[in-house]
Amino acid sequence: MSDCIFCKIIAGQIPCKKVYEDDDILAFHDINPAAPVHFLIIPKKHIPTLADATVEDTAVLGKMMVMAGQLAKQEGCADGFRTIINNGRVGCQEVYHVHMHVLGGDEPLGPLLTRKH
Ligand code: 5GP
Ligand code: ZN
């Protein structure tokens with residue numbers, strides 16, 4: 001956890017472009033945006049992947065979902081957006097602190113995945 005880049009962002013040790021913060025979650029713009037709107041919503045609790053989440057995390061994970069819609073609108077996604085949570089090696093997760101990508105813009109984002117297999 002001490003090496004976790006997102007815990008350091010929560011602690012204010014690494015700067016971010018904040019979208020929203022409360023006692024449970026933080027939302028900030030992705031440093032390498034993959035769409036015109038691309039921000040991340042993270043729990044303040046260090047949960048490495050969704051596979052590590054427990055029933056105690058239900059409320060904060062639900063709040064992330066609800067805030068995704070509200071913040072997407074606030075950030076200019078008037079006509080839809082996409083949420084992605086990558087998990088583990090197969091999910092190609094890079095940062096092992098649960099984060100929901102919220103992606104959008106004016107134009108459709110295209111297919112969810114390009115199959116490699
Ligand atoms: P993952 O592949 O784990 O689902 O996504 C990790 C995301 O975190 C990537 O989109 C990457 O651009 C973003 N990211 C990594 N380090 C930083 C950082 O220091 N600041 C911000 N704002 N985003 C980061
Ligand atoms: Zn963390």
Side-chain angles (χ1 to χ4, degrees):
M1 194 196 303
S2 54
D3 290 340
C4 173
I5 195 164
F6 286 175
C7 281
K8 288 181 178 164
I9 287 176
I10 291 164
Q13 293 162 1
I14 294 174
C16 71
K17 278 178 63 185
K18 197 182 291 183
V19 172
Y20 174 81
E21 181 172 19
D22 66 22
D23 287 346
D24 305 312
I25 65 173
L26 175 68
F28 54 96
H29 291 281
D30 196 290
I31 204 166
N32 185 22
V37 176
H38 185 180
F39 62 89
L40 306 173
I41 307 179
I42 67 175
K44 288 196 168 173
K45 177 182 174 185
H46 180 85
I47 307 168
T49 83
L50 280 185
D52 302 299
T54 69
V55 69
E56 289 171 16
D57 303 317
T58 304
V60 72
L61 293 171
K63 184 185 251 192
M64 287 165 59
M65 301 273 275
V66 172
M67 290 310 295
Q70 295 189 15
L71 296 174
K73 265 187 253 167
Q74 175 189 304
E75 293 302 307
C77 300
D79 203 16
F81 61 94
R82 179 176 291 162
T83 54
I84 299 173
I85 304 178
N86 294 321
N87 289 281
R89 180 181 66 87
V90 171
C92 299
Q93 185 176 1
E94 289 173 10
V95 179
Y96 276 73
H97 180 132
V98 165
H99 50 282
M100 180 185 290
H101 296 258
V102 182
L103 299 138
D106 293 333
E107 299 300 324
L109 294 163
L112 179 59
L113 291 173
T114 306
R115 288 199 70 163
K116 284 200 289 189
H117 306 290

For this session: Identify the heavy atoms of Val98 and Pro43 that sit nearest to each other, and give their distance.
Result: O-CD, 3.1 Å
Seminar exercise, completed: Residues pairing under side-chain hydrogen bond (donor to acceptor under 3.5 Å, both in side chains) where one sits in residues 79-98, two or more places apart or in two chains, turn out to be His46-His97
Exercise. Between Val37 and Phe81, is any pair of side-chain heavy atoms under 4.5 Å apart?
Worked result: no
Exercise. How close do Asp52 and Asp57 get, heavy atom to heavy atom, and via which atoms?
Worked result: O-OD2, 4.4 Å
Problem set entry | Within one Ile-Leu-Val-Met-Phe-Trp-Tyr cluster: Ile85 and Val95, side-chain cutoff 4.5 Å | no
Problem set entry | Common cluster, Val102/Ile84, ILVMFWY with side-chain heavy-atom separation under 4.5 Å | no
Exercise. Atom OH of Tyr20 and atom CD of Gln70: how far apart are they, to the nearest 0.5 Å?
Worked result: 8.0 Å
For this session: Determine the minimum heavy-atom distance between Gly88 and Thr49, stating which atoms define it.
Result: N-CG2, 4.4 Å
Problem set entry | Spacing of CD1 belonging to Ile41 relative to CG belonging to Leu71, to within rounding of 0.5 Å | 5.5 Å
Exercise. Can you find a pair of side-chain heavy atoms, one from Phe28 and one from Phe6, that are under 4.5 Å apart?
Worked result: yes
Exercise. With side chains defined as the heavy atoms from C-beta onward, is the minimum distance between His101 and Leu40 less than 4.5 Å?
Worked result: yes
For this session: Spell out, as yes or no, whether a donor-acceptor pair under 3.5 Å connects the side chain of Lys44 to the backbone of Asp22.
Result: yes
For this session: Flag the pair Val60 / Ile25 as yes when at least one side-chain heavy-atom distance between them is below 4.5 Å, and no otherwise.
Result: yes
Exercise. Say you draw a straight line from CD1 of Ile31 to CD1 of Ile14; how long is it, rounded to the nearest 0.5 Å?
Worked result: 9.0 Å
For this session: For Gly105 and Cys77, work out which heavy atoms get closest and say how close.
Result: N-SG, 4.1 Å
For this session: Mind checking the CD-CD1 spacing from Glu21 to Ile42? Nearest 0.5 Å is all I need.
Result: 9.0 Å
Seminar exercise, completed: When rounded to the nearest 0.5 Å, the distance separating NE2 of His99 from CG of Asp30 is 8.0 Å
Exercise. Under 6.0 Å from the CD atom of Glu56, do we count more than 12 heavy atoms belonging to anything else shown?
Worked result: no
Exercise. What's the shortest heavy-atom distance between Ala72 and Phe39, and which atoms?
Worked result: N-CZ, 3.7 Å
For this session: State, to 0.1 Å, how close Ala35 and Leu109 come at their nearest heavy-atom pair, and which atoms those are.
Result: CB-CD2, 3.9 Å
Exercise. If you round to the nearest 0.5 Å, how far is CG of Leu26 from CE of Met64?
Worked result: 10.5 Å
